[in-house]
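Indexing begins at 1, ligand by ligand and atom by atom, following the structure's order. Values below: every heavy atom of this structure, side chains too, minus hydrogens, waters and symmetry copies. Remember, predicted model here, so these are calculated numbers, not experimental data.
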Amino acid sequence: MDRFPTTRTTAPKQKPADDTLSFGKVLTDHIFLMNYEEGRGWFNPRIEPYGPLSLDPATSVLHYGQAIFDGLKAFRGDDGQIRLFRAERHAERFNRSAQIMCMPEVPVDIIRASFDALVGVDADWVPRKAGTSLYLRPTIIATDVMLGVHPAHSLLYFLILSPVGSYYKEGVKPVKILASDTHVRAVRGGTGEAKTAANYAQSLAGQRDAAAAGYTQVLYLDGVERRFLDEVGTMNIMLRIGDEVITPPLAGTILDGVTRASTLQLMRDWGLKVTERAISIEEVMEAGRHGRLAEMWGTGTAAVVSPVGTLGYKGEDILINGGQTGELTQKLYDAIVGIQYGRTNDPHNWTSVVPAAA
Ligand code: COI
């Protein structure tokens, strides 16, 4: 018997060919939904055919953006098993975002069960081609119908799924990023640590300007001094100067990335020198000018491990490792992907097999 009431679609969609997948353009056949009312808690978890939500135009999320989400992936291994990568940690981070955004947490076991249940129902949607996966997007929105600004008393949790290829059009080739001296992403005491809609809305202008200048993404500097590296918005940033790997610390302005934590763990397992510290753009550019900036890469669920080939700042471009993927970047990519597809040993038990649906 299904753990959650399940209404299966009678009109399954045509699935795209794996080699046409990019990021997030196709959604699967089903959605998981659950409601919240103050005094009652979370109730009515269910799986339904995928379709539009009906919202009153005065629904508070549409006006004040009280919304959180997370993103994780399911992978089809060579052995045919479907595995989630670090589902528990994603569920915990989702609840951290809920706390920051004044929303009720969802019990981690229910979040985990919603992942397994929906992926189980839409298991045929997990693509097979190397480098593809099924992206899970758990979300909570405020559903009070009223125009006053206040934390919502009623909310909706939903989970949708999308078969994906690579996030960047470059695929796993090095991307060009621009350290912005005009746009900032977050300040301490703000929402930078939460995966909330507003952080992505405010990234659009910087992204537009970076794209117009020929860059793929923006590297944000801290919002106060505009000197220290924060994150890229769609990924955390890491770099190697000599034999030291450096990444900005979790100080409230950047996302506690799951791939960030996983790659840091792997590098520590390998005995590398890894430092989480504030690093200024001047230090990075100076290292770049003198050939000491050996590698730079971003980490994220969507981006996996993405090499940075060019770093731009105030009209100067630094070519990193001749614009090629660095050795450590490639090793990290291979190690993460190997664990995700169940090809290699999973020493920290980061993956969990999704049970087949009833
Ligand atoms: C992710 O990596 O899961 C993200 O959420 C980044 C972006 C697609 C919003």
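Side-chain atoms of Q330 and D334 include a donor-acceptor pair closer than 3.5 Å. Between N321 and R240, the side chains place no donor N or O within less than 3.5 Å of an acceptor N or O (distance only, hydrogens not considered). Side-chain contact of T132 with D18: a donor-acceptor pair under 3.5 Å is absent, judged by distance alone.
The shortest N or O to N or O distance between A302 and ligand 1 is below 3.5 Å. Here's the thing with Y135: one of its N/O atoms is less than 3.5 angstrom from an N/O atom of ligand 1.
When the options D70, T301, L159, I160 are evaluated for a side-chain contact (heavy atoms from CB on, under 4.5 Å) with L136, the one that passes is L159.
Contacts of K195 with ligand 1, taken as heavy-atom pairs under 4.0 Å, involve the side chain alone. At a heavy-atom cutoff of 4.0 Å, ligand 1 is contacted by the side chain of R137 but not by its backbone.
The protein heavy atom nearest to atom 9 (C) of ligand 1 is Y200 CE2, 3.5 Å. With hydrogens left out, the protein atom closest to atom 7 (C) of ligand 1 is T234 CG2, 4.0 Å, a heavy atom.
In this structure Y220 satisfies the ring-ring contact (aromatic ring centres under 6.0 Å, His included) test with no other residue, sequence neighbours excluded.
For ligand 1, the atoms lying closer than 4.0 Å to a non-hydrogen atom of F23 are 8 (C).
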